[in-house]
Amino acid sequence: MSRDDFFRKELVAELRRVELSMRREEKVEKKIYYLSAAYGITSRTLRYAFTEDYLLADFVLNTSYNGLMERYKRIRSGDATVELQPIHFERIQDGLKMLADAFESGDSILLSLEQILAAMYATTGPGNYLREKGLLKL
């Protein structure tokens with residue numbers, strides 16, 4: 001097995017673990033915590049077997065984690081204008097599964113990353129507003 005194949009397989013396995021852990025968890029803060037492992041593995045992977053896809057996945061996963069964490073902190077401080085809903089996490093979890101499948105098969109990762117990013121964006125003020133207007137669908 002080549003070095004690149006080894007790191008790709010490790011990436012896929014970890015993304016699947018993260019997705020499963022998030023699905024099993026009921027607490028929002030733990031779901032967000034598990035999501036941090038997704039960008040953790042992409043960050044490690046791109047250091048040893050760099051591709052633009054690994055870099056793009058790392059950027060989207062890191063951005064999504066930070067966006068969810070920001071919303072969670074706002075909610076805890078009393079800002080209830082945008083709620084974290086189960087659908088947000090369902091779409092992120094589905095996106096993680098799609099991402100693992102895409103890396104495993106060599107298919108495009110774009111749709112999976114779009115789904116993850118759109119779900120996170122829906123937790124922001126502008127994203128939630130677009131969702132309320134029916135322009136952003138989850």
Side-chain angles (χ1 to χ4, degrees):
M1 174 185 316
S2 75
R3 179 181 167 153
D4 290 344
D5 287 340
F6 170 80
F7 286 111
R8 183 180 46 78
K9 285 184 181 196
E10 289 296 310
L11 171 64
V12 168
E14 186 66 13
L15 289 172
R16 293 194 192 288
R17 262 190 298 277
V18 168
E19 181 240 337
L20 185 59
S21 296
M22 288 180 71
R23 285 193 194 279
R24 289 181 174 163
E25 184 56 54
E26 292 183 24
K27 295 179 183 174
V28 167
E29 62 270 20
K30 287 285 287 211
K31 286 181 178 287
I32 297 170
Y33 163 76
Y34 286 126
L35 181 60
S36 72
Y39 79 80
I41 190 62
T42 55
S43 178
R44 287 187 300 280
T45 302
L46 70 87
R47 289 186 202 133
Y48 295 107
F50 180 84
T51 70
E52 285 83 4
D53 280 353
Y54 295 157
L55 180 62
L56 181 59
D58 184 64
F59 181 79
V60 169
L61 292 171
N62 194 330
T63 300
S64 296
Y65 166 80
N66 287 323
L68 288 172
M69 186 55 97
E70 176 63 26
R71 175 53 49 200
Y72 179 71
K73 288 177 184 176
R74 285 176 178 247
I75 290 169
R76 288 193 58 195
S77 71
D79 178 355
T81 55
V82 179
E83 296 177 13
L84 289 175
Q85 300 172 344
I87 191 69
H88 297 123
F89 293 100
E90 290 167 18
R91 292 300 170 258
I92 290 169
Q93 292 156 185
D94 292 346
L96 287 169
K97 182 183 183 317
M98 291 168 51
L99 182 60
D101 291 346
F103 277 130
E104 188 171 55
S105 67
D107 292 338
S108 172
I109 63 169
L110 191 57
L111 288 177
S112 59
L113 295 179
E114 287 174 351
Q115 180 163 320
I116 293 167
L117 194 57
M120 182 283 297
Y121 185 66
T123 71
T124 67
N128 185 66
Y129 181 70
L130 291 173
R131 187 170 170 224
E132 287 177 357
K133 286 177 32 175
L135 297 175
L136 193 159
K137 296 183 185 351
L138 295 181

Below 30° counts as parallel, above 60° as perpendicular, anything between as tilted: where do the rings of Tyr54 and Phe103 land? tilted
Measure across Ala119 and Leu138 and return the closest heavy-atom pair with its distance rounded to 0.1 Å. CA-CD2, 3.7 Å
Do you reckon Leu15 sits in the same ILVMFWY cluster as Tyr33, going by side-chain contacts under 4.5 Å, direct or chained? yes
If we ignore angles and hydrogens, is there a donor and acceptor under 3.5 Å between the side chains of Thr81 and Asp79? yes
Leu61 and its side chain to side chain contact (heavy atoms under 4.5 Å, CB included) partner, picked from Leu117, Ile41, Ile92, Ile116: Ile116
Worked check of side-chain hydrogen bond (donor to acceptor under 3.5 Å, both in side chains) between Ser2 and Asp4: CA-CA 5 Å; Ser2 75; Asp4 290 344; 5.4 Å; no
Say you draw a straight line from OG1 of Thr45 to CG of Leu55; how long is it, rounded to the nearest 0.5 Å? 12.0 Å
Is the number of heavy atoms from other residues, nucleotides or ligands under 6.0 Å of Phe50 CZ greater than 12? yes
Using modelled atom types and a 3.5 Å cut-off, is there a donor and acceptor pairing between side-chain atoms of Arg3 and backbone atoms of Tyr48? yes
How far apart are the closest heavy atoms of Met69 and Ile32, and which atoms are they? CE-CG2, 4.2 Å
So how far is it from Leu99 CG to Leu110 CG, rounded to the nearest 0.5 Å? 11.0 Å
Which heavy atom in Val82 sits nearest to a heavy atom in Arg71, and how many Å separate them? O-CD, 3.3 Å
Which atom pair, heavy atoms only, marks the closest approach of Ala38 to Val18? N-CG2, 3.8 Å
Verify the neighbour count for atom OH of Tyr72: are there more than 12 heavy atoms of other residues, nucleotides or ligands below 6.0 Å? yes
If the threshold is 4.0 Å, N to carboxylate O, is there a salt bridge linking Arg44 and Asp58? no
Does the side chain of Arg131 reach to within under 4.5 Å of the side chain of His88, using non-hydrogen atoms? yes
What distance separates Arg91 CZ from Gln93 CD, expressed to the nearest 0.5 Å? 10.0 Å
Consider only side-chain heavy atoms of I, L, V, M, F, W and Y, link residues closer than 4.5 Å, and tell whether Leu11 and Met22 are in one cluster. yes
Once rounded to the nearest 0.5 Å, what's the spacing between atom CZ of Phe59 and atom OG of Ser43? 13.5 Å
According to salt bridge (charged side-chain N to carboxylate O under 4.0 Å, His left out), does anything in residues 100-121 pair up with another residue at least two apart or in another chain? List the pairs. Arg16-Asp101, Arg16-Glu104, Lys97-Asp101
Does Leu68 share a hydrophobic cluster with Val28, counting links as ILVMFWY side-chain heavy atoms below 4.5 Å and allowing steps through other members? yes
If every non-hydrogen atom of Ile109 is compared with every non-hydrogen atom of Ala102, which pair is closest and at what distance? CG2-CB, 3.9 Å
Grab the two heavy atoms, one from Met120 and one from Gly67, that are nearest each other, plus how far apart they are. SD-CA, 3.7 Å
Val60-Met98 co-clustered via ILVMFWY side chain contacts under 4.5 Å: no
Val12 vs Lys9, test: side-chain contact (heavy atoms from CB on, under 4.5 Å). Steps then yes/no. CA-CA 5 Å; Val12 168; Lys9 285 184 181 196; 5.7 Å; no
Between atom CG of Leu35 and atom CG of Asn66, what is the distance when rounded to the nearest 0.5 Å? 9.5 Å
To the nearest 0.5 Å, what is the distance between OG1 (Thr42) and CG (Leu56)? 10.0 Å
Test of understanding: clusters of I, L, V, M, F, W, Y form through side-chain heavy atoms closer than 4.5 Å, transitively. Do Tyr121 and Leu96 belong to the same one? no
I'd like to know whether Asn128 forms a side-chain hydrogen bond (donor to acceptor under 3.5 Å, both in side chains) with Glu132, so could you lay out the CA-CA distance, the side-chain angles of the two residues, the decisive distance to 0.1 Å, and finally the verdict. CA-CA 6 Å; Asn128 185 66; Glu132 287 177 357; 3.1 Å; yes
